[in-house]
> 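Just passing along the structure, written as structure tokens.
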Amino acid sequence: MPRVVIDGDRVRITGVRNFEYRSRNDFTVHYEEREVLLSHLTGLDFYVSYFTEGPVAHTFVSFIFDNAPPLSISIETRPEVGEGFAPVASMFKQFELIYVVGDERDLVGVRTNHRREAVYLYRLNSPAEDVRRLLMVYLERINELAARPEFYHLLTNSCTINIIRYLNAAGREGRFDIRHLLNGLIDSYLYHSGRVDTTLPFDELRRRSRINEAAQAADGDPDFSQRIRASLPTNSQ
């Protein structure tokens, strides 16, 4: 489990995952310590990853710094050896909750390159102060879970529901939307609520936000995070 120490502007995180994958089930386990500065946090990116294309997906975020690699945080179940995720069972205290903190080469690369999930990356237009407040909410929750475990719940304590809850705590204004639960449609919600760039039609933005090809080309590259963003649409495109 990751743990966090906050000392003013400085944040030290232990248990940051950075596995080296050779295939989906063949990898070298590696956890490391990261240190980031809150004053250098500049943005927030939002990932939507599909096991199969449809109304259900996995979502997670990356916090962007101007002097350090992105820091990904993914809210997931923590299955025991031999267990697989079961949506109905997840509503009956079958899986512990874990916040996986990791390098994008791991958290993104394992999905695009080894699990072969369809992955889309969107830059949110949240103000920097809101993003810093959001990171603080995440960090507090990480330490809470390290001290007191909780169960994952598909409807009340899951990836997208918690992201929206924490965005609310960090300054988001807006009502509940069914796409918070049908999170395979969450990018449509982000677009139509103006939380991502809307200078392109949604279908075009979505097409250009799929990063699988770039991620596969950048597999193992130290510049993985830069390369998966190189062809993403910007406000000027």
Side-chain angles (χ1 to χ4, degrees), residues 1-4 11-21 27 29-38 40-51 57-78 97-115 117-124 126 128 131-143 145-146 152 158-160 162-164 166-167 170 183 186-187 190 196 209-212 214-216 218-230 232:
M1 297 285 283
R3 287 171 173 80
V4 177
V11 175
R12 187 172 73 253
I13 309 170
T14 59
V16 177
R17 206 178 81 183
N18 193 5
F19 290 9
E20 294 181 24
Y21 292 89
F27 51 84
V29 173
H30 179 67
Y31 290 95
E32 59 193 24
E33 182 176 303
R34 292 277 182 97
E35 190 172 276
V36 296
L37 299 176
L38 296 173
H40 286 266
L41 180 59
T42 60
L44 181 70
D45 284 359
F46 193 101
Y47 284 94
V48 187
S49 185
Y50 296 86
F51 318 107
H58 178 62
T59 60
F60 61 101
V61 297
S62 278
F63 291 88
I64 309 302
F65 298 84
D66 62 13
N67 68 340
L71 186 71
S72 286
I73 305 181
S74 176
I75 302 170
E76 303 180 9
T77 61
R78 191 185 189 195
L97 184 70
I98 186 172
Y99 284 42
V100 181
V101 183
D103 191 279
E104 287 191 321
R105 284 176 297 179
D106 180 338
L107 269 66
V108 178
V110 70
R111 291 175 165 86
T112 56
N113 300 356
H114 300 292
R115 297 179 188 168
E117 299 177 9
V119 180
Y120 297 79
L121 170 56
Y122 301 94
R123 170 63 52 88
L124 300 188
S126 303
V131 177
R132 289 178 191 133
R133 283 195 292 269
L134 178 65
L135 178 57
M136 291 300 294
V137 173
Y138 267 94
L139 299 179
E140 290 170 5
R141 288 290 290 135
I142 286 167
N143 278 344
L145 285 175
Y152 180 99
S158 59
C159 57
T160 309
N162 279 333
I163 293 173
I164 297 296
Y166 302 157
L167 286 169
N183 58 359
I186 194 68
D187 49 3
L190 295 173
V196 296
S209 296
R210 180 166 170 154
I211 60 167
N212 288 69
Q216 289 158 15
D219 191 27
D221 193 319
D223 294 328
F224 180 88
S225 293
Q226 291 81 4
R227 290 183 62 179
I228 63 175
R229 290 171 171 82
L232 292 178

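For this chain, numbers begin at 1 and follow the sequence in order.
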> Please identify each residue that fulfils side-chain hydrogen bond (donor to acceptor under 3.5 Å, both in side chains) with Thr160, with sequence neighbours left out.
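Per chain and number, Thr160 pairs via side-chain hydrogen bond (donor to acceptor under 3.5 Å, both in side chains) with Thr59, Asn183.
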> Would you please name every residue forming a salt bridge (Lys or Arg N to Asp or Glu O under 4.0 Å) with Asp223, sequence neighbours left out?
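Salt bridge (Lys or Arg N to Asp or Glu O under 4.0 Å) list for Asp223, sorted by chain: empty.
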> Could I get the full list of ring-ring contact (aromatic ring centres under 6.0 Å, His included) partners for Phe27, not counting sequence neighbours?
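ring-ring contact (aromatic ring centres under 6.0 Å, His included) list for Phe27, sorted by chain: Phe19, Tyr21.
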> Holding to salt bridge (Lys or Arg N to Asp or Glu O under 4.0 Å), I want the full list of residues that pass it with Glu32, two or more places apart in sequence or in another chain.
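Glu32: salt bridge (Lys or Arg N to Asp or Glu O under 4.0 Å) contacts with Arg34.
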> So, does Asp219 use its side chain to make a donor-acceptor pair with the main chain of Gly109 at under 3.5 Å?
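Between the backbone of Gly109 and the side chain of Asp219 there is no qualifying donor-acceptor contact (under 3.5 Å).
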> Under 4.5 Å between any side-chain heavy atoms of Leu145 and Ile98, yes or no?
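Heavy-atom side-chain distance check fails, nothing below 4.5 Å.
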> side-chain contact (heavy atoms from CB on, under 4.5 Å) with Glu33: which residues, sequence neighbours excluded?
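Result, side-chain contact (heavy atoms from CB on, under 4.5 Å) vs Glu33: Arg12, Thr14.
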> Can you list the residues that meet the side-chain contact (heavy atoms from CB on, under 4.5 Å) rule with Ala170, with sequence neighbours excluded?
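For Ala170, the residues satisfying side-chain contact (heavy atoms from CB on, under 4.5 Å) (neighbours in sequence not counted) are Arg133, Leu134.
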> In the structure I gave you, are the side-chain heavy atoms of Val196 and Asp187 within less than 4.5 Å of one another anywhere?
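When only atoms from C-beta onward are counted, Asp187 and Val196 do not touch, as no gap falls below 4.5 Å.
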> Any side-chain heavy atom of Ile228 sitting closer than 4.5 Å to one from Val119?
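Result no, sub-4.5 Å side-chain heavy-atom pair not found.
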> Check ring-ring contact (aromatic ring centres under 6.0 Å, His included) between Tyr138 and all other residues, then give those that pass, not counting sequence neighbours.
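Phe63, Tyr166.
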> Can you name the residues that form a side-chain hydrogen bond (donor to acceptor under 3.5 Å, both in side chains) with Tyr50, not counting sequence neighbours?
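Scan of Tyr50 (side-chain hydrogen bond (donor to acceptor under 3.5 Å, both in side chains), adjacent residues dropped) gives Arg206.
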> What residues form a salt bridge (Lys or Arg N to Asp or Glu O under 4.0 Å) with Arg3, not counting sequence neighbours?
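Residues passing salt bridge (Lys or Arg N to Asp or Glu O under 4.0 Å) with Arg3: none at all.
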> Under 4.5 Å between any side-chain heavy atoms of Tyr99 and Asn162, yes or no?
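Yes; the side chains approach each other to less than 4.5 Å.
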> Using side-chain contact (heavy atoms from CB on, under 4.5 Å) as the criterion, list what pairs up with Arg210, not counting sequence neighbours.
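With sequence neighbours excluded, Arg210 shows a side-chain contact (heavy atoms from CB on, under 4.5 Å) to Glu53, Ala118, Tyr120, Asn212, given in chain and number order.
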> How would you list, by chain and number, every residue that makes a salt bridge (Lys or Arg N to Asp or Glu O under 4.0 Å) with Asp106, sequence neighbours excluded?
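Here the qualifying residues are Arg17.
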> Main chain of Leu38, side chain of Arg132: is a donor-acceptor contact present, judged purely on distance under 3.5 Å?
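Yes, Arg132 side chain to Leu38 backbone: donor-acceptor pair under 3.5 Å.
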> Can you find a heavy atom in the side chain of His58 that is under 4.5 Å from one in the side chain of Arg111?
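They are in contact (side-chain heavy atoms under 4.5 Å apart), so the answer is yes.
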> Who passes side-chain contact (heavy atoms from CB on, under 4.5 Å) against Arg229, sequence neighbours left out?
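If we apply the side-chain contact (heavy atoms from CB on, under 4.5 Å) test to Arg229, skipping adjacent residues, the hits are Asp45, Tyr47, Ser62, Ile64, Pro70, Glu104, Leu121, Arg123, Ser225, Leu232.
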